[in-house]
Protein chains: 2
Amino acid sequence: MKKQPLAANLDFPRPYTTVDVAIFSVAGDALRVLLVERSREDGGPFAGCWALPGGFIDIERDADLRHCALRKLREKTGLAAGYLEQLGSWGSATRDPRGWSATHAYFALLPAAAEPRAGANAAEVCWFPVIGKGVRVRLAFDHAEILAAALERLRNKVEYTSLPAFLVPKEFTLTELQRAYETVLGRRLEKSAFRTRVLATRLVEPVDKLRAGPNRPARVYRLSNPGAPVFFARPFSPRGK
Amino acid sequence: MKKQPLAANLDFPRPYTTVDVAIFSVAGDALRVLLVERSREDGGPFAGCWALPGGFIDIERDADLRHCALRKLREKTGLAAGYLEQLGSWGSATRDPRGWSATHAYFALLPAAAEPRAGANAAEVCWFPVIGKGVRVRLAFDHAEILAAALERLRNKVEYTSLPAFLVPKEFTLTELQRAYETVLGRRLEKSAFRTRVLATRLVEPVDKLRAGPNRPARVYRLSNPGAPVFFARPFSPRGK
DNA sequence: TAAGTTAGTTGCAGTGTGCCACTAAGTAGC
DNA sequence: GCTACTTAGTGGCACACTGCAACTAACTTA
């Protein structure tokens, strides 16, 4: 009988459990991710290394995993998430030198206009531009792998969902929305097909405003149903080509 | 300073950590999921209740989460998984009456021919037909929710991937493969479009055999690249209609 | 008034699906 | 051997949406 005596003894060793959040936003025409610098004083691993915001679950305060992720987000940015999705979990004996650990990873999208780091110890928090499958700095733990997975999921979903709508301000023009798509995807989209798709799905509705500028003003839109992403029938470019 | 002294003291309470696996296969033209009956003797919660196979991570034996899921699969079925994918994680203060717990959920697909429960305590293990978003029995913990999520993910992915190829034997006819798709989806597909799609993506390659029967024999195929699922350019029915 | 820039529309070809009809190849019954 | 039946597999056409490209619209600046 190798079975563990479940109720009789729950004191066998448990993994460390953390929650990490990859927080994205766009600035100019670059996608960027929020990173925190790990303390050099507390004696923890990867001191001074950049990492995804996150940390241990607080059993007293966090009702569930999602609340824990929202708390991490709030602590680092002082903002409510436009969008928060569970990404997956990473757990192994070796990812943390202190012992067997598992992290529950989330990714979040913030609107461009939002000014972050409002509520937190700002010196340790910084936006890094996303280049290819990650950032230029070395990340703590397996966070580079987690970030790469987040980017892959994000870029994949952008092909057939309205996720980039969470990266633009509440009111936006269709061109601005298209730019958000292109920033995430790293490639240009066809204006005509983009507009047809967006307008056909009732994703957005016009606001009675025009965005002035040095040329023809653009109609301003907002989300018809903020909070819920829309799924399109097909990806943008039929993957084959 | 509310910060936890990370390295100084790692002894703050940690959640229980488990791994659960939703194991699917097809029998006849029904989709079914493998469940285990929880012990009535060990004093654990939900005694006698049906549950997804799973349990605590064994820090000594499991190198990482995926290995732990593979171990659960092996212990319950005696079989190697045709396909194993991480589904997500569920964690909260209330899902387990013993305290804060988090589970890492996976889902697995087994080929139809495989005879399960070979290596395990068979009396406690049983296939249940999937009806709608779950099974007819009440499940332990939040496993009904996890199973519903697994079914949603599976049915969603079937629309644009070759996942059902992991539900048929190594060699199969195109009609058999199409039946597997239809069984998971719960609706009929167009023969012509199905064959065009499958043959256009080099998902399968013909074996030099014919499947005899009381009518015209069918050509036998196998996967060109077993192990890796194929992604199609579009879902089967453009979701709008 | 002309040039430049961005907003937004229109038309057309290509691609893959949904639908339906058709042919192909075997068995079973007479 | 012929016919009926069943399943395998193919071909044609309409529809929907994308990709591409050319066009018009509206505003600013020189």
Side-chain angles (χ1 to χ4, degrees), chain A residues 28-29 158-162 168 171-182 185-222 230-241, chain B residues 28-29 158-162 168 171-182 185-222 230-241:
Chain A
D29 41 359
V158 163
E159 297 275 359
Y160 61 96
T161 70
S162 66
V168 295
E171 301 194 336
F172 50 86
T173 68
L174 289 189
T175 302
E176 287 165 0
L177 182 58
Q178 187 178 340
R179 289 288 170 274
Y181 271 85
E182 293 169 344
L185 283 175
R187 72 166 199 274
R188 308 292 295 209
L189 295 177
E190 281 305 311
K191 182 170 54 164
S192 168
F194 181 82
R195 301 172 83 91
T196 304
R197 160 183 292 212
V198 166
L199 293 175
T201 51
R202 298 189 164 267
L203 166 62
V204 299
E205 58 190 24
V207 178
D208 197 21
K209 282 186 197 170
L210 291 178
R211 173 71 45 90
N215 40 43
R216 174 172 173 172
R219 170 157 281 136
V220 175
Y221 291 85
R222 66 176 168 220
V230 168
F231 290 77
F232 302 118
R234 302 185 195 172
F236 270 107
S237 53
R239 276 188 188 71
K241 173 66 170 305
Chain B
D29 42 0
V158 164
E159 297 276 359
Y160 62 96
T161 71
S162 65
V168 295
E171 300 193 337
F172 50 86
T173 67
L174 289 191
T175 301
E176 286 165 0
L177 182 59
Q178 186 178 341
R179 289 288 170 274
Y181 271 85
E182 293 169 343
L185 283 175
R187 72 166 198 272
R188 307 292 295 206
L189 295 178
E190 282 303 313
K191 182 172 52 165
S192 170
F194 181 81
R195 301 172 83 91
T196 304
R197 159 182 292 211
V198 166
L199 294 175
T201 51
R202 299 191 164 265
L203 166 63
V204 299
E205 58 190 25
V207 179
D208 198 21
K209 283 185 195 172
L210 292 179
R211 175 70 47 88
N215 39 42
R216 175 172 172 174
R219 169 156 282 136
V220 175
Y221 291 84
R222 68 176 166 221
V230 168
F231 291 78
F232 302 118
R234 303 185 195 174
F236 269 107
S237 53
R239 278 187 185 72
K241 174 66 173 303

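In what follows, chains are A, B, ... by sequence order, proteins preceding strands, each numbered from 1.
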**Asked** From A/L185 CG over to A/Q178 CD, what is the distance, rounded to the nearest 0.5 angstrom?
**Response** 10.5 Å

**Message:** Using 0.5 Å steps for rounding, measure from the CG atom of A/L177 to the CD atom of A/E182.
**Reply:** 10.0 Å

**Short side-chain N/O contact to C/dT17 OP1/OP2 from B/R197, under 4.0 Å** = yes

**Request:** Classify every nucleotide of nucleotides 22-30 of chain D by which part a protein heavy atom approaches to under 4.0 Å, writing B for the base, S for the sugar-phosphate alone and - for neither, in 5'-to-3' order.
**Result:** ---BBBS--

**Request:** Using whole Å, report how far CD of B/Q178 lies from P of C/dT17.
**Result:** 13 Å

**Message:** Expressed as a whole number of angstroms, how long is the span from B/F172:CZ to D/dA8:P?
**Reply:** 14 Å

**Message:** Angle between the two end axes of the helix from C/dT1-D/dA30 to C/dC30-D/dG1, five base pairs per end, rounded to 10 degrees?
**Reply:** 10°

**Message:** Nearest whole Å is fine: how far is D/dG9 P from B/L174 CG?
**Reply:** 6 Å

**Asked** Counting side-chain heavy atoms from C-beta on, which of C/dG16, D/dC17, C/dA7 comes nearest to A/A218?
**Response** C/dA7

**Asked** Of A/V207, A/V204, A/V220, which meets side-chain contact (heavy atoms from CB on, under 4.5 Å) against A/F172?
**Response** A/V204

**Item:** A/R219 side chain near C/dG8 phosphate (N/O to OP1/OP2, under 4.0 Å)
**Value:** no

**Message:** Taking only side-chain N and O atoms of B/R195, does any of them lie within less than 4.0 angstrom of OP1 or OP2 on D/dG9?
**Reply:** yes

Please write out each protein N/O paired with an N/O of nucleotides 10-13 of chain C under 3.5 Å, distance rounded to 0.1 Å.
from: C/dT10; atom 1: O4; to: A/S192; atom 2: OG; distance (Å): 3.0

**Prompt:** Taking it one step at a time, do A/F236 and A/Y160 satisfy ring-ring contact (aromatic ring centres under 6.0 Å, His included)?
**Reply:** CA-CA 7 Å; A/F236 270 107; A/Y160 61 96; over 10 Å; no

**Prompt:** Would a distance-only check, ignoring hydrogens and angles, find a side-chain to backbone donor-acceptor pair under 3.5 Å from A/R197 to A/R234?
**Reply:** yes

**Item:** Minimum heavy-atom distance between B/E176 and B/V168, given as atom pair plus value
**Value:** O-CG1, 4.0 Å

**Prompt:** What are the two closest non-hydrogen atoms of B/P217 and B/A212, and how far apart are they?
**Reply:** CB-CA, 4.4 Å

**Message:** Which is more 5' along DNA chain D, the nucleotide nearest A/E190 or the one nearest B/R179? Just name the residue.
**Reply:** B/R179

